[in-house]
Structures are given as structure tokens and as C-alpha cells.
Peer 1: 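One structure coming up, written as C-alpha cells, with questions to follow.
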Amino acid sequence: MSELLWVLVGTPAYSQMARPLTYISESRLAPGTLVRVPLGRRELLGVVWDAPAEGGLELNGEDLAPEKLRCVSAVLDAIPPLTPGWRQLLAFTASYYQRSLGEVALAALPPQLRELNAVQLARRLKRYTKACATQSAPTRAAASPSPTLSAQQSSVMAQFAAATTPCLLFGATGSGKTEIYLQSVEQLLAKDAQGQAMVLVPEINLTPQLEARFESRFSALYGRDAVVSLHSGMTPAQRLKSWLAAHSGSARIVLGTRMAIFASMPWLKLIVVDEEHDPSYKSGEGARYSARDLAVYRARLDGARVLLGSATPSLESWHRSRPASEGGRYLRLHMPARVGPAGKASDQPGRLPAVRMVDMNHQPKGCLISPPVLEAIIARVQRGEQSMVFLNQRGYAPVLLCADCDWKSACPHCSAYRVFHKSDRTLRCHHCGYADPVPRACPACGSPELSGAGRGTERLAEHLAELLSGVRRPDSVSDQWPLGEPVRIARIDADSTRLKGQLGSQLARVHSGEVDVLVGTQMIAKGHDFRGITLVAAVNPDQALFSSDFRAPERLFSLLLQAAGRSGRDADIGTRSEMWLQSHQPRHPLFEFLKQHDFAGFAGQQLNQRAQAGLPPFSFQALVRAEARSQQQAQGFLDAARAGAASMQHAQEFAAGINLYPAVPMSMPRVANVERAQMLIESVSRTALQRFLSSWQAVLHQTRGQEAGNGLLRWAIDVDPLAI
Ligand code: ADP
Ligand code: ZN
Ligand code: ZN
């Protein structure tokens, strides 16, 4: 007796084969079962899916004749079926972010699962089961004990336990948010013998620190397998192993980056999203999903609790956590004070760093590090404390100039300059990667007078070394050795950490106190728990003040407040911690709020402006981006699709609620010889926007068909875009 089945396979982006395909199986298989199926001449991983609601048959390629239906080639029944909740999460993701379900669902499974055949997979599973069985039994004694919570933390724990809505934990840097995550997980695991928790963090380079904290707390209690990680820095084999542990329930805690939101966790009861404001929760390729937004959706679906945490919440989450009486749907939990003096969970709050402005209009012209900032750094060095200086530009200088003609180091493939890197004497494009050696003479006029304009971290580190060359480390100054040791400067950015392990070893040097001054990009400003730093300086925060992106002030404020949070984390020396800002706009309102550490004031002001301008979170947006050989082609495609919207069904109804703006070049119009344009779609109603996009997809496909010979390369929809 054979059964008809619907099977979802990985289909290309925007495939017209959006629905599951029909196959025959000898036995009835539950939806969620993993199978291998033939498609064309290949054999693919598939997921048995729920029958399509409209009952339409979409047959597996070849022919529509029922006698040509093909059979499932293998059933991977060693793995329990994926739950209805998981399938619904993926179905929602595909539909909300306007991608094909097959693409989204299959991409959410570990890559190795797609590659292994049934026999290989069975062998792999056997090996894991054996490894688990030989593990030593957990012992309570070895677990590191959890500290006594401060009054502020206890109150937050109680409110979270009683909450029935998503919660936003608004806690200052160093207020003990991570401890709240740990203890919430601890309570869940203690009261629910199967319960699972997911903890998301924005960056892979922050996972090792968090992993260590979770492992030391939980591995001894629940076994070594109880805490697993999921992020793109892992090998395919490691990812499969973690995924299987989460799916089987043997892993109780999954720590991961945004991709972990799709982990199969049948007993999921708690989702934590740390640094929920971080833009890296939003995917920049494929389905451009927001893991933070999906966390809230998934929690509701699975009946799990959700806790979003940040010292600088996204304005979206901030707005959603306004008082319920004003329409807020999240509960805001507040921890304004830092954890008190080390060890003691004192309710005397540790102090937040004082913010000091340097008016660059009154400093020597062109100086990189102003005299007051230099003085403050020297004072730190002499006390044996650490400083952190950050600048959002890597390399030596953002552009190389000829003094005799107007040649600049433009990238031949992009609308950008190539950056001058002094260490390996190259000009490198940070957008397409194009690099070649620095020319000896100007390629245009032959003049040897080439010099870097502006500054990057490389130059900053070099310059600081010169400025500090006369200063000595305190512990090395003695009568016998009066010269002492020079100041140690380290640089951390994408260039200095390109090789595997480099970041870890450089961070270790900072943590051990070996480094006196740390120079870097925003990589060092986020999340790290540096204990010895008492000074943070932002060399040039002004750039972002004049950006055309309406989210630029939000990002700058959050970056600066997070960076300030790296200072004075050790309460014993924290009382004299400072953040210095060098600016030509020292009285800009953004800096005024920053001086007071007044996130709420800043958020209120920004939200007022956004409400007046009808910007998110007071409206909903999507972007369509198109790439082509010329701007004209890219914009032509978008404008044609826009015109096509007028003849769609319900066009009038859509026209009333949806704003389609004309196509414009992207802010960086050309990258790697591809011209890029975008079109903004806006509505005050999320539902209206969703309905419009699902109908309009067909128009986009059709327009693409007509324009195909016309140099159009790609198009993609971005729902809730972060960068406009
Ligand atoms: P956040 O995540 O808000 O930046 P953390 O949770 O990392 O803050 O806490 C900052 C520091 O304070 C950490 O070193 C942590 O171990 C310590 N800490 C947090 N809560 C307590 C507590 N109740 N008692 C003692 N130390 C604590
Ligand atoms: Zn020249
Ligand atoms: Zn380039």
C-alpha cells in the first residue's frame, strides 16, 4: 500500500516551486520526518510537510502524470520528526520575509544533514550515543555556585517570573544582566526536567566568554552535553552534533548567534536575546530575517518565555515596552545601577564612567589625539591602569592622495576609495577586496608626493606609540633600570585578527594586563568584560552625526554608551573611570544625553522625531534592492515593477495604504562592478504591507522575466530593513 506525501526540498531563492513536492512512500510518514528524495538526477534531503491547504498538487519535476510520481529513497527515521512548532516557525519566516519555504526551511538545518546519506547518518548517530554513554555522571559538588543577587536583580527576577508578556531587560552595562540570564535558566532547568533554554548573542567572538560562564555553572550539574553552541564559526561536524543534541533534548541550553534561532528544541521554554539592539541579529543575505523578532514570535508559538536584554535597547523594543496603558506589549524591567564593589552584591551601585567632551575646534589643527586625552591616557599608564581608544576606520588612512594633481586611490570596481594599509603597503578596497601594492609614484602625474589623508586604527596606534615614547610602565621603573619598559600598545581590528586564534590571544593579552593601551574599531567596544580599563576614548565619533540614514544616531548612541560600558567594570577602580569624546560638535544633543547616561531621554527624543516623520516604529518598511550592469537597468527594473503594481488585483486598495517610492541608487551605488538601486515601500499597517508584498512578488517575477535580457542580475526583498 503506497501513500502520497508532500516533501519540502531546498529550492533556489524565489523559486516558483514554492510549495512542497509530491512523492510516494510505502508507509505513512508523519509530517516533520526527514527523508531523502530524488529530484531530477540528484538525491536531496527533504522534510515531510503538511499537506498544502488548497490541496494543489505540485509534482516532483518531470511530468504531472501520476504514474510518473517518484518514491522517497530513504527515511531518516533515526531522527525524530521536526515538531509542528518548528515547521510553523519556518513557514512564518518564509512568508513574512518573502522567500520560498523550501529555501528557508532547508537552510535552517545543519549543512551536514543535507550531505550525509542514510547510512552515513546512522553511523554518525551511533558514535554520538556511545560518546554520551561514556561521559562521567554529573556531580553537584563541582558546579560553581551562583552569587547572591542584589536587591535590584532579585526584583527583576521576580517581575520576570510573574510576567505573561515578552520582557525587555533594560540594564546598564555591568548591572548584572548576564547573571539574570544565568539564574533564569537555572530556575527553569531545576523545575522542569526536560525544559530547554536558548541564549542568543550577537557576535561569535563574544560566545567563548559566555560559553565559559554557562559551562562552569551548568555542565557539572547537567552533564557536559547540556550546554551546546551553534554559530557559523563551528565546523559542519560540530554543528551537526550540537543540532542533534538540541533536537533530541539532551542539550538543555543552546548558546548561539542569530542562526541558532532555528535550532530544533522540542522542549524550549525560555529564550534570552542578549544585546537585543545589535544589528547583527538581522541577516544580510538569503531570507533577511531578524532573529530578535523571530525570538518573540517563536516564544509565543512554543509557549516559552522571552527576555530581551540591553543597556541600549533598539527603539523598536523600547517603544513596544512603553507602559501597557499607552499600548505597550512588552514589560520593561529596569536595572539602572552597576553591581557594587567586587564580590559583594552590594546595593551601593558601582559608578558609571564620567563622560568628558573635548571641543576639537579649540585643539591644535589636525591633531589625532588631543592634549587632554593624551594626558588622561598617560595618567592611566602611570597608575598601571588600561585605556581603550577606538576609531571606526581600519587601515592606515582611508584614502591615498597625490599632492600635485587630484589623483585619489579610487577603487576601479566600486564607488569607494581604497584604503591605505601601511603594514603591508597595499591599497585595499574594503567593499570588494581588490588590492594592489602602493604605487611608488602617482599613477596619473608621476609625482612621488603621495600621502595618506585621514586616519585609521593603524595610524592611530603608530601615532600613540610616538606620543607615549617617553612614558614608562610603573612596575619597570627602578634605580637599577631607570629607563624602564615602554608602554605596550595593542591593536584589535578586522586586520589584526584575520587569522584563526589571533583575536583570542590578543584579548587574553588585554585581560592579563600586559597591554596598557588598546586601539581598535567597534570590535572592541562591544560586550567584552575588560576589568582593568578605566578610560575609553572615541577619537572621531562625529561622522555618524550627519548620515542620511535615520537610524545613524541610534547606532552611534548605542555604540558610544556600550563603549563607555567597557570602562570601570571593576568596581574597585571603577570610581575614577572616564569616557572621552573628541568632537567638533561638542554641544550636539546626542552628546548631552550621553553625558547623563540618559538612554531614556535620548530614546524619547528620537521617537518623537520618528513619530513626526512617520518613520519606524510608527510605520513599517520594506526595500527591494536590484543589481544590474548599469544604474539605468537596476532602476528601470524597479520602476517597471512599481508601475506593474497599479494593474494588480486590489490595486486601488493597496494604493490607499501603501507608499511606493521611486527607485534610487543605493548609498554605495557600485560594488565589484555591480550597480545597485533600491526602492522603499512603506505603510502604517504591517498587515497591509505583508499583503501587498505577497501579491507584488508575482509582478516582480514577471518584470524580471521581461527584463532578463536587459542586464538585470538579481533582486531581493528586505522586510524591516535596518539600513536605508
Ligand atoms: P552585564 O551583563 O549587565 O554587563 P554582568 O552580568 O556581566 O553584567 O555583571 C558584571 C559583573 O558583576 C560580572 O563580573 C559578574 O560576575 C558580577 N556580578 C553580577 N551579579 C553579581 C552578584 N549578584 N554578586 C556579585 N557579583 C555579581
Ligand atoms: Zn598626481
Ligand atoms: Zn572595490
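Sequential numbering from 1 along the given sequence is applied to the chain's residues. Computed from heavy atoms alone, side chains included, the values below leave out hydrogens, waters and symmetry copies. Because the structure is predicted, anything quoted here is derived from the model rather than measured.
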Peer 1: Would you please name every residue forming a ring-ring contact (aromatic ring centres under 6.0 Å, His included) with Phe160, sequence neighbours left out?
Peer 2: none

Peer 1: Is there a donor-acceptor pair closer than 3.5 Å between any side-chain N or O of Gln183 and the backbone N or O of Pro147?
Peer 2: yes

Peer 1: Sequence neighbours left out, what passes side-chain hydrogen bond (donor to acceptor under 3.5 Å, both in side chains) with Ser387? Give chain and number order.
Peer 2: none

Peer 1: Is it the case that Arg292 places NZ or CZ above or below the six-membered ring of Tyr281, under 6.0 angstrom from the centre and within 45 degrees of the axis?
Peer 2: no

Peer 1: With a 4.5 Å heavy-atom cut-off, do Thr173 and Arg566 have their side chains touching?
Peer 2: yes

Peer 1: For Gln153 and Ile180, indicate whether the former's side chain and the latter's backbone hold a donor-acceptor pair under 3.5 Å.
Peer 2: no

Peer 1: Nearest 0.5 Å, what's the CZ-CG distance between Arg473 and Asp516?
Peer 2: 4.0 Å

Peer 1: Can you pull out every salt bridge (charged side-chain N to carboxylate O under 4.0 Å, His left out) where at least one residue sits in residues 553-563? Sequence neighbours excluded, please.
Peer 2: Asp549-Arg555, Glu554-Arg610

Peer 1: Check whether the side chains of Gln159 and Ser155 place a donor and an acceptor atom closer than 3.5 Å, and report yes or no.
Peer 2: yes

Peer 1: Apply side-chain contact (heavy atoms from CB on, under 4.5 Å) to the pair Cys367 and Met360, showing each step before the final yes or no.
Peer 2: CA-CA 9 Å; Cys367 79; Met360 292 305 275; 3.9 Å; yes

Peer 1: Considering only heavy atoms from C-beta outward, does the side chain of Gln363 approach that of Asp359 to under 4.5 Å?
Peer 2: no

Peer 1: Heavy atoms only: give me the nearest Thr426-Asp424 pair and the separation to one decimal.
Peer 2: OG1-OD1, 2.9 Å

Peer 1: Less than 3.5 Å apart, any donor N or O on the side chain of Glu276 or Ser314 sitting next to an acceptor on the other?
Peer 2: yes

Peer 1: For Phe591 and His588, take the angle between the two ring planes, folded into 0 to 90°, and tell me which bin it lands in: parallel under 30, tilted 30 to 60, perpendicular over 60.
Peer 2: perpendicular

Peer 1: Show the nearest heavy-atom pair for residues Ala537 and Val373, with the distance to one decimal.
Peer 2: CB-CG1, 4.1 Å

Peer 1: Please say whether more than 12 non-hydrogen atoms of neighbouring residues, nucleotides or ligands are located less than 6.0 Å from CD in Glu375.
Peer 2: no

Peer 1: Taking the basic N atoms (NZ, or NE/NH1/NH2) and the acidic carboxylate oxygens, is any pair closer than 4.0 Å for Arg380 and Glu578?
Peer 2: yes

Peer 1: Under the side-chain hydrogen bond (donor to acceptor under 3.5 Å, both in side chains) test, which residues partner Arg213, sequence neighbours left out?
Peer 2: none

Peer 1: Side chains of Leu560 and Pro541, heavy atoms from C-beta outward: is any pair under 4.5 Å?
Peer 2: yes

Peer 1: If the condition is side-chain contact (heavy atoms from CB on, under 4.5 Å), which residues does Ala397 pass it with, not counting sequence neighbours?
Peer 2: Phe420, Arg459

Peer 1: Just checking, any donor-acceptor pair under 3.5 angstrom between side chains of Gln502 and Ser496?
Peer 2: no

Peer 1: Kindly write out the residues that satisfy side-chain contact (heavy atoms from CB on, under 4.5 Å) with Ser283, not counting sequence neighbours, or none if the list is empty.
Peer 2: Arg258, Glu285, Tyr289

Peer 1: For Lys269, I'd like to know if atom NZ has over 12 heavy atoms of other residues, nucleotides or ligands within 6.0 Å.
Peer 2: yes

Peer 1: In the structure I gave you, are the side-chain heavy atoms of Met388 and Ile524 within less than 4.5 Å of one another anywhere?
Peer 2: yes

Peer 1: Between Gln196 (side chain) and Ala246 (backbone), is there a donor-acceptor pair under 3.5 Å?
Peer 2: yes

Peer 1: Might you work through the side-chain hydrogen bond (donor to acceptor under 3.5 Å, both in side chains) test for Ser175 and Gln152, ending with a clear yes or no?
Peer 2: CA-CA 9 Å; Ser175 62; Gln152 182 178 254; 5.2 Å; no

Peer 1: So that I can tick it off, tell me whether Arg455 and Glu462 are bridged by a salt bridge, with the cut-off set at under 4.0 angstrom between side-chain N and carboxylate O.
Peer 2: no

Peer 1: Could you tell me the separation between the CG atom of Leu427 and the CZ atom of Arg418, rounded to the nearest 0.5 Å?
Peer 2: 5.0 Å

Peer 1: If we only count heavy atoms from C-beta on, is the Val227 to Leu255 side-chain gap below 4.5 Å?
Peer 2: yes

Peer 1: Answer with yes or no after comparing the ring centroid distance for Phe599 and Phe170 against a 6.0 Å cut-off, counting only values under it.
Peer 2: yes

Peer 1: Taking the side chain as every heavy atom from C-beta outward, state whether Leu561 and Phe557 have any pair of such atoms under 4.5 Å apart.
Peer 2: yes

Peer 1: Give me each pair satisfying salt bridge (charged side-chain N to carboxylate O under 4.0 Å, His left out) with a member in residues 172-184, each pair once, sequence neighbours excluded.
Peer 2: Glu179-Arg217

Peer 1: Can you tell me how far the CG atom of Leu308 sits from the CG atom of Leu169, to the nearest 0.5 Å?
Peer 2: 9.5 Å

Peer 1: Please list, chain by chain and in numerical order, all residues satisfying side-chain contact (heavy atoms from CB on, under 4.5 Å) with Ala158, sequence neighbours excluded.
Peer 2: none

Peer 1: Side chains of Gln386 and Thr534 only: does a donor on one sit below 3.5 Å from an acceptor on the other?
Peer 2: no

Peer 1: Testing the basics here: between Ile271 and Ala295, what is the closest heavy-atom pair and its distance to 0.1 Å?
Peer 2: CD1-O, 3.6 Å

Peer 1: Could you pull out all residues at least two apart from Lys595 that satisfy side-chain contact (heavy atoms from CB on, under 4.5 Å)?
Peer 2: Val355, Met357, Glu592

Peer 1: Under a 4.0 Å threshold between the charged nitrogen and the carboxylate oxygen, would Asp495 count as salt-bridged to Arg394?
Peer 2: yes

Peer 1: Where is the tightest heavy-atom contact between Ala544 and Ala552, given as atom of each residue plus distance?
Peer 2: O-CB, 3.7 Å

Peer 1: Which heavy atom of Gly601 sits nearest to which heavy atom of Phe593, and what is that distance?
Peer 2: C-CE2, 3.5 Å

Peer 1: Between the main-chain N or O of Ser423 and the side-chain N or O of His421, is there a donor-acceptor pair closer than 3.5 Å?
Peer 2: no

Peer 1: Counting N and O atoms only, with roles assigned by atom type, does the side chain of Ser242 sit under 3.5 Å from a partner on the main chain of Ser229, one being a donor and the other an acceptor?
Peer 2: yes

Peer 1: Can you tell me if Asp542 uses its side chain to pair, donor with acceptor, with the backbone of His584 under 3.5 Å?
Peer 2: yes

Peer 1: Quick check: do Asn392 and Leu559 have side-chain heavy atoms less than 4.5 Å from each other?
Peer 2: yes

Peer 1: Hey, are Lys282 and Asp278 close enough for a salt bridge, meaning a charged N less than 4.0 Å from a carboxylate O?
Peer 2: no

Peer 1: Name all residues meeting the side-chain hydrogen bond (donor to acceptor under 3.5 Å, both in side chains) criterion together with Thr521; count only those two or more places apart in sequence or in a different chain, and write none if there are none.
Peer 2: none

Peer 1: Is the backbone of Ser150 close enough, under 3.5 Å, to the side chain of Ser154 for a donor and an acceptor to pair up by distance?
Peer 2: yes

Peer 1: Measure from the side-chain N and O atoms of Ser512 to the backbone N and O of Arg509, and report whether any donor-acceptor pair falls under 3.5 Å.
Peer 2: yes

Peer 1: Kindly compute the distance separating OG (Ser290) from CG (Leu722), expressed to the nearest 0.5 Å.
Peer 2: 7.5 Å

Peer 1: Under 3.5 Å, side chain of Gln582 to main-chain N/O of Leu368, donor-acceptor pair present?
Peer 2: yes

Peer 1: Could you tell me which non-hydrogen atom of Pro353 sits nearest to which non-hydrogen atom of Met579, and how far apart they are?
Peer 2: CB-N, 4.2 Å

Peer 1: When you compare the side chain of Gln393 with that of Thr457, does any pair of heavy atoms fall below 4.5 Å?
Peer 2: no

Peer 1: Using ring-ring contact (aromatic ring centres under 6.0 Å, His included) as the criterion, list what pairs up with His231, not counting sequence neighbours.
Peer 2: none

Peer 1: Which value, rounded to the nearest 0.5 Å, describes the distance between Leu467 atom CG and Ile377 atom CD1?
Peer 2: 8.5 Å

Peer 1: According to side-chain hydrogen bond (donor to acceptor under 3.5 Å, both in side chains), who are the partners of Ser469, at least two apart in sequence or on a separate chain?
Peer 2: none

